[in-house]
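My structure is below; once you've seen it, I'll send some questions.
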Amino acid sequence: MLSEPALPSPGSPEAIAAWRAACTEFDRRTHIGDDEFNRLRIGDTVALWTPDKVRSAISSDFSGAASSDEALAMARQTRAELQDLLVLTIRRDLRFEEAARDTRIHEMFELAYPDEVAPPADVDAEEGADPILAVIANHKAAYAAWLPHLRAVSETLQTDPAFTALEAAAEAPEKREADAYASLAEVSPTTLAGLVALADYLPGALLRNAVVGADNDAMKALSAMCSAVKALLGDDIGLNAALHERRARADEFLSEMERDGFLPYPADNPRCLLATNYAIRYEAERLLAIAQSAYDRRANAYAGFPTAERDRHLKRLRAEYRLDQLAAVVHESPIAPSKLTDEILASWREWANDPGHFDEEENEATRALSEKRYALIDAAEALPATQENLPAKTLALAWLEYVDLWRNGQARDEYGTDGRLALDIDTAISGRTLLKGY
């Protein structure tokens with residue numbers, strides 16, 4: 001009795017070598033010659049005929065075409081040509097399946113890269129739950145499983161011997177992802193919460209699948225509609241779940257970057273740490289905008305009421321949406337970026353022309369100016385990294401550089417480029433010129 005040789009350990013160099021050997025053999029057995037390639041190509045496009053596309057063309061269904069050029073090329077085929085193509089594509093698929101079976105290429109890939117091939121488990125909808133929620137979860141899992149294969153194929157040249165094998169290994173997860181993606185359009189939400197969830201997920205799914213570009217008019221229209229759905233319904237639906245998810249993302253962000261006095265921002269998708277007072281201000285502004293919008297919509301319903309009754313209802317609405325409390329937080333917020341820029345310029349000028357500039361320890365007024373300088377630089381550093389905040393951040397950086405680089409008695413030309421720039425900025429702000437021996 002002969003037994004099969006023992007398989008190498010998952011993820012080991014031997015497993016990777018076995019995978020590469022399977023790729024080479026698979027490529028040899030499935031190589032398409034130029035004649036066959038030209039016969040399988042759809043018109044002048046780079047796409048190749050498949051049995052599914054041939055059957056669709058026979059039934060005059062061109063919805064699966066990737067472009068209008070491909071659809072026109074499919075429509076130009078005669079029925080006899082399509083029948084020949086069907087035989088050719090089925091034979092090609094059989095050849096691929098036989099090669100995959102004999103080389104065990106899928107098994108070898110899973111053995112070589114065990115962490116990248118776990119198939120997505122279908123998510124069953126809970127009883128009574130909106131089915132679109134399970135569809136969204138299934139597509140997330142399917143896309144995550146397909147992504148490593150997509151990356152491997154896209155990063156490999158078509159002339160590489162392993163390219164064909166990588167494409168073959170990607171077929172199954174790609175089909176799972178495509179089926180899951182199709183379900184996003186085939187399954188309709190049955191609840192308002194499901195509708196909001198789909199509106200939140202669908203635009204991103206289209207962009208990730210490269211269906212359209214972000215600047216496409218249809219994509220812009222879809223994004224606008226989905227944003228409107230979320231704006232109109234999102235405040236009142238699934239609030240607890242949304243808050244829970246935001247807290248989880250914030251906790252994950254904080255676990256990587258913890259710093260006293262700072263919060264992850266924005267809360268729903270943290271990209272930076274923001275000083276707590278600024279985070280409170282920006283969050284209050286966002287909540288105030290939501291509350292004001294809801295208040296305005298509901299206030300319209302009392303337009304025809306008697307004045308006293310209308311005022312009573314409006315007062316109740318203001319209390320319900322906490323408009324006054326939110327407005328108080330916003331109005332007592334930290335310095336706005338434009339005001340902060342003005343304050344840095346004014347304080348730098350005052351600080352630079354202070355007669356006690358070099359006697360900070362003994363001069364109380366000079367010490368106060370220095371402390372104000374530190375506070376303004378800290379305020380600029382705490383601002384989010386946006387274009388609106390660039391002037392304040394740039395001035396704060398220049399102020400730091402000037403103090404760090406300046407040397408008593410050293411002329412401008414003796415500094416490097418960074419020093420000369422810092423000195424020029426100081427000269428422009430303070431109105432004084434650096435002199436040798438200053």
Side-chain angles (χ1 to χ4, degrees), residues 47-68 70-71 74 89 93 106 110 116-154 167-214 216-230 232-234 237-238 241-242 245 269:
L48 298 182
W49 284 101
T50 63
D52 289 341
K53 285 201 173 183
V54 174
R55 292 189 180 99
S56 296
I58 291 174
S59 61
S60 299
D61 177 11
F62 307 113
S63 59
S67 66
S68 58
E70 187 174 318
M74 291 171 66
T89 54
D93 280 6
H106 299 299
E110 293 178 4
E116 296 189 9
V117 295
D122 288 341
V123 179
D124 295 327
E126 297 179 6
E127 185 176 355
D130 193 322
I132 197 64
L133 301 178
V135 170
I136 292 172
N138 276 330
H139 182 255
K140 286 182 179 179
Y143 187 86
W146 173 54
L147 191 57
H149 298 275
L150 173 63
R151 187 179 297 115
V153 172
S154 63
E167 271 197 319
E171 284 184 359
E174 183 179 8
K175 187 176 186 308
R176 283 195 296 269
E177 191 279 334
D179 292 342
Y181 176 79
S183 297
L184 291 171
E186 295 169 353
V187 176
S188 298
T190 58
T191 64
L192 291 178
L195 177 61
V196 171
L198 182 61
D200 185 58
Y201 186 73
L202 189 58
L206 263 66
L207 291 176
R208 286 193 299 275
N209 283 59
V211 177
V212 292
N216 180 274
D217 288 343
M219 185 66 205
K220 291 179 181 178
L222 176 66
S223 298
M225 183 181 69
C226 289
S227 296
V229 169
K230 291 190 293 180
L232 292 172
L233 304 176
I237 296 174
E245 182 180 359
N269 186 20

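Predicted model only: the values in this text are computed from it and were never measured.
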For Trp146, all residues meeting ring pair (Phe, Tyr, Trp, His ring centres under 6.0 Å), sequence neighbours excluded: Tyr143
Distance from Leu133 atom CG to Thr191 atom OG1, nearest 0.5 Å? 6.0 Å
Sequence neighbours excluded, the answer for side chain to side chain contact (heavy atoms under 4.5 Å, CB included) partners of Ala170 is His149, Val153
Those residues that, when tested against Asp93, pass side chain to side chain donor-acceptor pair (under 3.5 Å) (two or more places apart): none
Could I get the full list of side chain to side chain contact (heavy atoms under 4.5 Å, CB included) partners for Thr190, not counting sequence neighbours? Asp130, Pro131
Distance-minimising heavy-atom pair for Pro189 and Gly194: CB-C, 3.8 Å
Enter the distance from Ile132:CD1 to His139:NE2 here, rounded to the nearest 0.5 Å. 11.5 Å
Inter- and intrachain pairs under salt bridge (charged side-chain N to carboxylate O under 4.0 Å, His left out), touching residues 193-206, at least two apart: Asp200-Lys230
With sequence neighbours left out, write down each residue that passes side chain to side chain contact (heavy atoms under 4.5 Å, CB included) with Ala57, or none if nothing qualifies. Trp49, Phe62, Met74, Leu82
Restricting to side chain to side chain contact (heavy atoms under 4.5 Å, CB included), what partner residues turn up for Thr50, sequence neighbours left out? Asp52, Lys53
Nearest heavy-atom pair of Pro173 and Ala169: which atoms, and what distance? CD-O, 3.4 Å
